[in-house]
Amino acid sequence: FNAVQGWNFSTSVFMSKGKTNSGPLFSGSLDLNYGLADRRLNPQAHLRYRFNSHNFATLRFDAGRKISQVNQEEPISPFVNMFAALLFKESFMKVYQKDYLRIAYEQYLSSTVQLSTQLEYAQRTALNNQSNFSIFRKDSLFASNNPIDPTDFLNPGFVNSDILTLGVKAQWKPGQKLIVRPDATIYINRSAFVTLQLGYDYTIGLANASYNFHKIYADIQQTIDFQN
């Protein structure tokens, strides 16, 4: 549940051809999401082809429509937002409609370096609240879906836009070990080492140059395995 879609439901269909652990592998899935309040179907199709199981060269194609959080990191759990909305009439998650096409490619360049790149076209559309349902506080209103001013119910917070984004990302996993077999290579990432990530995105506003920007980002991740 969220204030824009009301109660919404999702289902998925998945298929694959090939061996999961070795050789070429083709897979595809179809995701469907429907909101009762906005009465809108949001379909997404995902296709993936892995050329081999040694450097894991993989081509991906994704297309469809999704309800996305304004913050692309999606920090707010939909379940947390649902309980806050139903119990306390608080809608923390601000969303918009994203119609998109994306093609991506990734592979290992060495035992420790993985490179990925993608090109995405996206049409972004602002959305308004379509539901005011809650279990408690039925007489009050949800805050606006405007991410800039939650008290503004007239303006959407951003102008609908079409953008094109090219992204390149490299991951370095020092200490990663390999087990090489005739049919596949197994990459073993040891928890004692961190994973370093460096990326670059270039975004072009197709109808509005004010949406053009460059983004360089880096992060460090580590998984700690607590064993008895």
Any pair counted as salt bridge (charged side-chain N to carboxylate O under 4.0 Å, His left out), so long as it reaches [range], sequence neighbours left out:
range: residues 209-223; result: Asp201-Lys215
range: residues 93-104; result: Asp62-Arg102, Arg65-Asp99, Lys98-Glu120, Arg102-Glu120
range: residues 147-171; result: none
range: residues 69-79; result: none

Quick one: pull up [atom1] in [X] and [atom2] in [Y] and give me the separation to the nearest 0.5 Å.
X: Gln118; Y: Phe61; atom1: CD; atom2: CZ; answer: 13.0 Å
X: Gln44; Y: Ser10; atom1: CD; atom2: OG; answer: 9.0 Å
X: Met93; Y: Ile67; atom1: CE; atom2: CD1; answer: 9.5 Å
X: Asn81; Y: Ile76; atom1: CG; atom2: CD1; answer: 6.5 Å

Side chain to side chain contact (heavy atoms under 4.5 Å, CB included) filter on Ser210, not counting sequence neighbours, yields Asn208
Find out whether Phe83 and Phe88 are in side-chain contact, i.e. whether some heavy atom of one side chain is under 4.5 Å from a heavy atom of the other.
no
So, do Val95 and Asn145 sit near enough that their side-chain heavy atoms are less than 4.5 Å apart?
yes
If you measure only the distance, is there a donor-acceptor pair under 3.5 Å linking the side chains of [X] and [Y]?
X: Gln5; Y: Arg40; answer: no
X: Gln69; Y: Tyr96; answer: no
X: Arg124; Y: Ser161; answer: yes
X: Asn8; Y: Asn33; answer: yes

Hey, does the side chain of [X] reach the backbone of [Y] with a donor-acceptor pair shorter than 3.5 angstrom?
X: Asn52; Y: His54; result: yes
X: Ser53; Y: Asp183; result: yes
X: Thr112; Y: Pro174; result: no
X: Asn160; Y: Ala126; result: yes
X: Asn132; Y: Phe142; result: yes

Quick check, are the ring centers of Tyr108 and Tyr187 under 6.0 angstrom apart?
yes
Scan the side chains in residues 13-30 for donor-acceptor partners under 3.5 Å anywhere in the protein, sequence neighbours excluded, and list what turns up.
none

